[in-house]
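Heads up: the structure comes next, in structure tokens.
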Amino acid sequence: MKEQIIRVVSGALDRAQASAELRPAAVRPRIVVEEPRADAHGDFSTNLAMVLASKQKMAPRKIAEILIAHMHDTDGLFADVAIAGPGFINFFVRPAAWHTVLKRIHEHGPRYGASEMGRGRKIQVEFVSSNPTGPLHVGHGRGAAVGDSVARILSCCGYMVQREYYINDSGRQIETLGRSVYLRLQEHLGQRVEFPSTCYQGDYIRELAREMAADDGRHLMELPPEEAVARCARYACEKILAGIRRDLASFGVAFDRWFSEQSLYDSGRVAQTIEAFRDRGLVYENDGALWFKSTAFGDEKDRVVVRKNGQTTYFASDIAYHQEKFERGFDRVIDVWGADHHGYIARMTAAIEAGGIARDRFSVILVQLVNLLRAGQPVAMSTRAGEFDRLSDVIGEVGRDAARFIFLSRHHDSTLDFDLELAKQKTNDNPVYYVQYVHARIASILRKARRQGIDRTDWDEQAVACLTAPEETTLIKAMARYPETVQTSAELLEPHRISYFLMDLAAIFHAYYNRHRVLVADPQLSRGRLCLVLAVQQVIRNGLALLGVTAPEKM
RNA sequence: GCGCCUGUAGCUCAGCUGGAUAGAGCAACGGACUUCUAAUCCGUAGGUCACAGGUUCGAAUCCUGUCAGGCGUACCA
């Protein structure tokens, strides 16, 4: 609907300029159409006359008059177009014109809200990428929900999306993992060992050690320690990764590709990247280490890629990794990171630009941390004791839908309080159920309709013409906003906009439901209302799908 | 010190990249189940948009500064 109005306004501007009543502008202003808060200001309004005023050297209200005179309402949308305030043009849409929105929803079904904004461009979303040194915790859960939802939204907007998980299966932390398991294994086999605080403290390390002991633990002890540690590392890494995959699967998150950091070393890719940088003078030696000139690309200081001891840094493999991503043909690459990594953005962007890729093709979604609470009290989480607020526990306790919805109920820039008790509550406090309830209620209406022998739920133009109640128009107006909401959340990479949209639509529906009955004596009106609530159900389902939340038939 | 993020109702948060009189939910108070699911709805009350300047027809939104909180500032990952 908004697009149609933009077209009307845009056409009026063209004609006004063609007729020389308005002088042609060098730069055409972006036409902004908004929905005013107050009903008295109509269904839509544009500020175009005021934007043009200074350039045209004309009073805004005068410009508004000219624009209105040149408007062609070919679709018969408007009951009235009025000038108000300092020069707003307000549009009052005929109630019947709103019915075309309903028709569109019926026609497009699951594709309502989809667009070709992405024009098939390839885009990659890399998220979670948690180190395989321990199980996923709630913070990863938020990253998983955000990454997956962003991927769903982009895909809905016509991008070819790939979901990727980067496995840090190389370097010191993996060695530490191996040593941790090795020491616990020795301990398990009755040896007295000193377990350093630098090792991973969690109970899952003991479990892994027990498993290995049951397998071929004693045989391992006969190997040279270095080899035994390496074996422990490989075993633990695989096991933990399997657990991560399991947790993600139960969270409804599926990756298209799991990319191993080690593979970048095995293929010589990291070394090649460094050499390429060396050839182009992008690195230099200092204090025995090799530095990347990231300051030349906007970073605040240069960064080490090869340490004095000859080992490459994590950053080095990350540069190679991101170059490799773009070589795979992605137009855009999006990384979802925990907010504690924000200091890393400047150098990563610098490295990408140094590799000859425009910096705006890379973006990072920083996800702020999650405070896990229980009835308002913080849930104790001690990394030292190795106790995690595990994602699997949280999903087990509150369920996948509630967890996902809550993770997506805040802007990713703000910290999130996740209250386990609240998440289980089935009240208004907990918006998941509030939204899902709409879907279930409508399903219930349909069941009743079928019992009454009404089995036609297809589009019925005449029946829909009966929908004249103001609550009905409000409902349709809300649904008309959906496609735009999806596009905005795709542009800004902000899935929470979908959550808020759904809560808003749900509130409007519940109010309607309490005020009007769908199945009434008048069969024509019943059919019209059935068309209406079916559309609501469709939009709720589409929106929930973008969040990865189910739409239940019964609750 | 420097950098990034945040500051909106008692609490938790939206606010459509500058629009008209500031928006929800929770908590408080008062109402609505013989109906298609009350996991719902209706109403009342609640505000110096941290503070001070600036930009313009117009600012919660943009710019500068101040204050407060979070995070970061490795030859760790």
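Atoms considered below: every heavy atom in the structure, side chains included; atoms not considered: hydrogens, waters and symmetry mates. Proteins get letters first, then strands, A, B, ... in listed order; numbering begins at 1 in each.
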According to a cutoff of under 5.5 Å between the ring centres and under 30° between the ring planes, does A:His342 stack with the base of B:G72?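 Here A:His342 fails the 5.5 Å or the 30° condition.
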Measure centre to centre between the rings of [X] and [Y], then say whether the value is under 6.0 Å.
X	Y	result
A:His41	A:Phe88	no
A:Phe44	A:Phe92	no
A:Tyr165	A:Phe127	no
A:Phe315	A:Tyr344	yes

[N] versus [M] - spacing of their [atom1] atoms, nearest Å:
N	M	atom1	value
B:A20	B:C26	P	26 Å
B:C41	B:G7	P	28 Å
B:U17	B:A60	C1'	13 Å

By the rule that syn is within 90° of 0, classify the base conformation of B:C67 as syn or anti.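 Chi for B:C67 falls in the anti range.
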Could a donor-acceptor pair under 3.5 angstrom be found where the side chain of A:Asn90 meets the base of B:A20?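 Per atom types, the contact qualifies.
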Could you check A:Thr415 against A:Asp340 and say which one's nearest nucleotide on RNA chain B is further toward the 5' end?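 Its nearest nucleotide being more 5', the pick is A:Thr415.
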With a 4.0 Å cut-off on heavy atoms, is [X] in touch with a base, just the backbone sugar-phosphate, or nothing at all?
X	result
A:His510	sugar-phosphate
A:Ala449	nothing
A:Leu492	base
A:Arg410	sugar-phosphate
A:Asp287	base
A:Asp39	nothing
A:Ala289	base
A:Arg481	nothing
A:Lys448	sugar-phosphate
A:His411	sugar-phosphate
A:His412	nothing
A:Phe315	nothing
A:Ser45	base
A:Phe88	base

For the residue pair A:Arg441 / A:His510, report whether a side-chain donor-acceptor contact shorter than 3.5 Å exists.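 Yes.
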Could you check whether any side-chain N or O of A:Asp460 sits under 3.5 Å from a backbone N or O of A:Ala463, counting only pairs where one atom can act as donor and the other as acceptor?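 Present.
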So, OP1 or OP2 of [N]: does either fall under 4.0 Å of a side-chain N or O from [X]?
X	N	answer
A:Arg451	B:C36	no
A:His496	B:G15	yes
A:Ser414	B:A14	yes
A:Arg529	B:C36	no
A:Tyr200	B:A77	no

